[in-house]
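As structure tokens, the structure follows; a few thoughts come after it.
Computed over heavy atoms, backbone and side chain alike; hydrogens, waters and symmetry mates excluded. Protein chains get the first letters and strands the later ones, always in sequence-line order, with residue 1 at the start of each.
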2 protein chains.
Amino acid sequence: MGSPHPAPANAPANAPANAPVNAPATVSARTPSAAADPGCRVLGLRERKKQRTRDALVDAAHTLFLNRGYGDTTIDEIAATVDVSQRTFFRYFANKEEVALAVMADAEDFFIARLRERPAEENPLQAMRAAITEAWRTLGDGRRTGAGSVTAALELFELIETTPTLLAAHLRRATEQEGVVARVLADREGLDPATDLRPRLLAAVFGAVVRISHLSWSTHTDGNDTGPDGMIELIERHFDQLGPALAGSWRS
Amino acid sequence: MGSPHPAPANAPANAPANAPVNAPATVSARTPSAAADPGCRVLGLRERKKQRTRDALVDAAHTLFLNRGYGDTTIDEIAATVDVSQRTFFRYFANKEEVALAVMADAEDFFIARLRERPAEENPLQAMRAAITEAWRTLGDGRRTGAGSVTAALELFELIETTPTLLAAHLRRATEQEGVVARVLADREGLDPATDLRPRLLAAVFGAVVRISHLSWSTHTDGNDTGPDGMIELIERHFDQLGPALAGSWRS
DNA sequence: TTGCCGAATGTCAGTGGCTGACATAATCTT
DNA sequence: AAGATTATGTCAGCCACTGACATTCGGCAA
């Protein structure tokens with residue numbers, strides 16, 4: 001499992017042999033400074049502390065959700081694990097769902113960033129396929145924890161898919177991201193997203209394909225590769241089925 | 001701030017000149033009996049009463065949500081309007097979102113029913129386009145209330161789209177329906193939905209197209225036709241853009 | 001009609017998510 | 001080292017939602 005850090009000043013030593021209080025979450029950050037500030041390499045103590053408690057909250061919530069289940073975990077429990085007040089929890093996360101979807105949200109932002117970097121000569125669909133493949137590949141080997149994080153992702157998917165409230169929140173987030181994607185695509189091609197239907201349409205279709213892929217991945221753990229490569233292959237397969245699915249009758 | 005009416009026994013007379021307390025909601029029903037029972041033409045008093053309170057609750061909630069806003073309307077207010085206890089409300093609807101999405105849910109069921117009726121010789125995409133067109137057309141003229149209900153639908157879309165909680169719940173419902181649609185398609189074509197990716201994929205893409213269409217419809221009230229015909233045309237246009245969007249570069 | 005059964009409703013108490021207001025303690029600035 | 005910011009804790013409160021139990025009402029038959 002996680003790395004057994006000696007748990008610095010702030011964070012309480014909970015989680016017997018489970019996850020360290022200060023686990024470096026996926027892409028972490030999620031603060032405007034982390035992405036926007038240009039030269040500030042060493043953040044102040046204050047910022048670092050905030051970052052730590054945030055990560056600790058995400059981590060504690062994650063383990064609790066997977067053990068006790070989402071519905072049977074209270075905010076008080078999460079807060080108590082990290083040794084902060086309930087009120088503080090709500091200063092970091094707007095609601096219970098947000099802490100559960102934090103990692104997922106970071107991943108989505110990561111994808112958007114990759115999409116923005118794609119060369120202009122690729123067409124929209126190519127750019128998106130390339131961006132998501134790249135994102136998954138990076139997530140696969142850029143992992144400090146080595147393995148484990150991928151299985152963690154799988155568990156998270158399953159948790160989301162089986163928890164109505166979480167699924168709803170996740171879908172909402174996803175469609176929001178579709179809006180962002182649509183705008184990026186429109187910029188790339190230099191057209192007005194208000195007039196042209198294609199950017200939003202393609203973004204939505206892309207979102208649908210990815211979602212179905214995730215679903216396939218999480219439902220059948222058996223047989224196929226469950227690593228990032230397996231996911232990439234699954235997405236590719238679904239994309240390749242897009243044409244046939246839209247074509248005429250399926251009867252062979 | 002409540003209603004200054006003397007509040008008669010069962011059904012209170014709210015909605016000054018808006019909607020009658022016992023509005024026959026779209027397809028209404030939502031009880032297994034209404035769709036399953038074959039010969040029971042006249043329902044017992046008990047059933048009719050339940051139906052009435054249910055409709056009244058939906059109606060009261062609808063008007064309150066549109067006036068005060070979703071977040072600023074309490075369940076107690078809704079229940080008080082119909083003159084039932086809060087507990088009774090929760091015996092009809094699992095949660096606050098459900099009462100807001102009740103009409104929408106009925107419409108979705110209606111679409112599924114139409115899809116099931118499509119002749120077998122149509123290919124999947126044709127069947128779905130035909131089914132949704134038919135559904136909207138029926139909804140358009142099969143209306144006792146005459147006009148008004150279409151504008152009501154528009155207001156409802158807007159409410160959903162602008163209320164995070166509602167949007168989340170709606171999206172969850174919609175994806176659930178995609179699962180149903182996928183199964184229907186798989187049955188039509190006689191293939192295994194667990195193996196073949198196409199049914200689920202096409203259902204998801206179809207859902208995406210419809211969602212984008214709804215969004216377009218609700219956002220630009222101006223210019224185009226806002227009636228059911230306008231919606232049908234919008235959906236058609238989006239479908240026609242599907243191919244071009246998936247094709248290569250968009251630069252003209 | 002009467003009387004019984006089951007279903008619908010009301011009442012009550014309690015849990016948990018979430019928020020505003022204010023006081024306190026920690027960091028940052030000069 | 002003092003003052004300005006900012007994070008946190010505490011407290012009180014609203015509201016969505018639930019289980020348990022009492023009551024009333026509609027359906028049905030003797």
Mind listing the N/O atom pairs, protein and nucleotides 2-7 of chain C, below 3.5 Å?
{"residue": "C:dG6", "atom": "N2", "partner": "B:R46", "partner atom": "NH2", "Å": "2.4"}

Between protein and nucleic acid, restricted to nucleotides 15-17 of chain D and to nitrogen or oxygen atoms under 3.5 Å apart, what atom pairs and distances do you find?
{"residue": "D:dA16", "atom": "OP1", "partner": "B:T73", "partner atom": "O", "Å": "3.4"}
{"residue": "D:dA16", "atom": "OP1", "partner": "B:K96", "partner atom": "NZ", "Å": "3.3"}
{"residue": "D:dA16", "atom": "OP2", "partner": "B:I75", "partner atom": "N", "Å": "3.3"}
{"residue": "D:dC17", "atom": "OP2", "partner": "B:K96", "partner atom": "N", "Å": "2.7"}

Short heteroatom pairs, N/O only, protein and nucleotides 21-24 of chain C, under 3.5 Å:
none

Kindly give the atom pairs (protein nitrogen or oxygen, nucleotide nitrogen or oxygen) under 3.5 Å for nucleotides 22-24 of chain D.
none

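In terms of the ring-ring contact (aromatic ring centres under 6.0 Å, His included) criterion, residue partners of B:Y70 (sequence neighbours excluded) are, by chain and number, B:F65. For B:E98, the salt bridge (charged side-chain N to carboxylate O under 4.0 Å, His left out) criterion is met by no residue, not counting sequence neighbours.
Not one N or O on the side chain of B:E47 forms a donor-acceptor pair closer than 3.5 Å with the backbone of B:G44. Judged by distance alone, with hydrogens and angles left aside, the side-chain atoms of A:T74 form a donor-acceptor pair with the main-chain N or O of A:E77 at under 3.5 Å.
The nearest whole Å value for the distance from the CZ atom in A:R54 to the P atom in D:dA7 is 14 Å. Rounded to whole angstrom, the span from the CZ atom of A:F93 across to the P atom of D:dA7 amounts to 15 Å. One interatomic measurement links the two molecules: CG of A:L45 to C1' of C:dT29, which rounds to 15 Å at whole-angstrom precision. In this entry the distance linking CD of A:Q51 with P of D:dT6 reads 18 Å, nearest Å. Atom CD in A:E98 sits about 10 Å away from atom P in C:dC18, given to the nearest Å. Look at CZ on B:R52: it is 14 Å from P on D:dC25, rounded to the nearest Å.
Two residues are said to be in side-chain contact when any heavy atoms from C-beta on lie closer than 4.5 Å; A:F90 and A:I75 meet this criterion. Counting heavy atoms from C-beta outward, A:P164 and B:R172 have side chains that approach closer than 4.5 Å.
Distances shown here put a side-chain N or O of A:Y92 below 4.0 Å from the OP1 or OP2 atom of D:dT8. Distances shorter than 4.0 Å separate none of the side-chain N or O atoms of A:K49 from OP1 or OP2 on D:dA7. OP1 or OP2 of C:dG10 has at least one side-chain nitrogen or oxygen of B:T88 nearer than 4.0 Å.
Using a 30° and 60° split on the angle between ring planes, B:F111 and B:F206 fall in the parallel class, below 30°.
With a 6.0 Å cutoff to the six-membered ring centre and a 45° limit on the axis angle, B:R91 does not count as a cation-pi contact of B:F89.
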side-chain contact (heavy atoms from CB on, under 4.5 Å) evaluation trace for B:T175 with A:R211: CA-CA 10 Å; B:T175 50; A:R211 211 192 98 70; 4.0 Å; yes

Derivation of the side-chain contact (heavy atoms from CB on, under 4.5 Å) call for B:L171 and A:L167: CA-CA 9 Å; B:L171 290 171; A:L167 182 55; over 6 Å; no

side-chain contact (heavy atoms from CB on, under 4.5 Å) evaluation trace for A:M231 with A:I235: CA-CA 6 Å; A:M231 175 60 102; A:I235 295 178; 4.2 Å; yes

Stepwise side-chain contact (heavy atoms from CB on, under 4.5 Å) check, A:D109 with A:Q177: CA-CA 8 Å; A:D109 289 351; A:Q177 293 290 29; 3.2 Å; yes

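A salt bridge (charged side-chain N to carboxylate O under 4.0 Å, His left out) with B:R173 is found for one member of B:E178, B:E97, B:E108 and no other, namely B:E108.
Closest contact between the side chain of B:V84 and the listed nucleotides C:dA8, C:dG10, D:dG9 involves C:dG10.
Neither side chain, B:S213 nor B:S216, offers a donor N or O lying under 3.5 Å from an acceptor on the other.
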